[in-house]
Amino acid sequence: MDADAPTPARPDRLAALLAMLAREPGDAFCLYGIAQEHAARGAHDEAIAWFDRTIAAEPTHGYAFFHKARSLEALERIPEAVAVLRAGIEAARTGGDRHAVSELTGFLDELT
């Protein structure tokens, strides 16, 4: 098995998250989880859309920016990933999440 190949998302987990989201449509935790499930199976365009929904629901969610940038990187959309990381750093600073700021900054350094 290729070590770089995406791991398939567990359909039951995705279904459970979607059911939770149906009960609470603006739940950033569910939105983020759904995005992560899509990213895990290599569906990066779909993941990006869900990360965008997460950011809309919780604008200071630094890790949504981080993983959106990872999906953009996987799609070789590096300039967009860099822009997302820069926006994520500001969002995480606004939210007071120093750990996210550090991780976003480290990833930005890798890409630039």
Shortest non-hydrogen separation from [X] to [Y] and the atoms involved:
X: Gly26; Y: Ala57; value: O-CB, 3.6 Å
X: Val101; Y: Ala92; value: CG2-CB, 3.6 Å
X: Ala64; Y: Ile55; value: CB-CG1, 3.7 Å
X: Leu108; Y: Val82; value: CD1-CG1, 3.7 Å
X: Leu14; Y: Arg41; value: CD2-NH1, 3.9 Å
X: Gly62; Y: Ala100; value: CA-CB, 4.2 Å

Rounded to the nearest 0.5 Å, how far does [atom2] of [Y] lie from [atom1] of [X]?
X: Glu46; Y: Glu37; atom1: CD; atom2: CD; answer: 12.5 Å
X: Thr94; Y: Ile89; atom1: OG1; atom2: CD1; answer: 12.0 Å
X: Thr112; Y: Arg86; atom1: OG1; atom2: CZ; answer: 6.5 Å
X: Leu72; Y: His67; atom1: CG; atom2: NE2; answer: 13.0 Å
X: Tyr63; Y: Gln36; atom1: OH; atom2: CD; answer: 11.5 Å
X: Leu18; Y: Ile34; atom1: CG; atom2: CD1; answer: 4.0 Å

Please step through side chain to side chain contact (heavy atoms under 4.5 Å, CB included) for the pair Leu21 and Leu31, ending with a clear verdict. CA-CA 7 Å; Leu21 186 64; Leu31 293 165; 3.8 Å; yes
Strictly below 4.0 Å, N to O, side chains only: are Asp27 and Arg53 in salt-bridge contact?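 Arg53 and Asp27: not salt-bridged.
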With a 6.0 Å cut-off on ring centres, are Phe107 and Phe66 close enough? yes
Find out whether [X] and [Y] are in side-chain contact, i.e. whether some heavy atom of one side chain is under 4.5 Å from a heavy atom of the other.
X: Phe29; Y: Glu58; value: no
X: Ile48; Y: Arg77; value: yes
X: Phe65; Y: Leu85; value: no

Aromatic ring pairing Trp50/His38, orientation class (parallel under 30°, perpendicular over 60°, tilted between):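 Plane angle under 30°, so parallel.
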Expected output: side-chain Thr54 to main-chain Tyr32 donor-acceptor under 3.5 Å: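 Checked: pair present.
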Just wondering, more than 12 heavy atoms not from Glu110 lying within 6.0 Å of its CD? yes
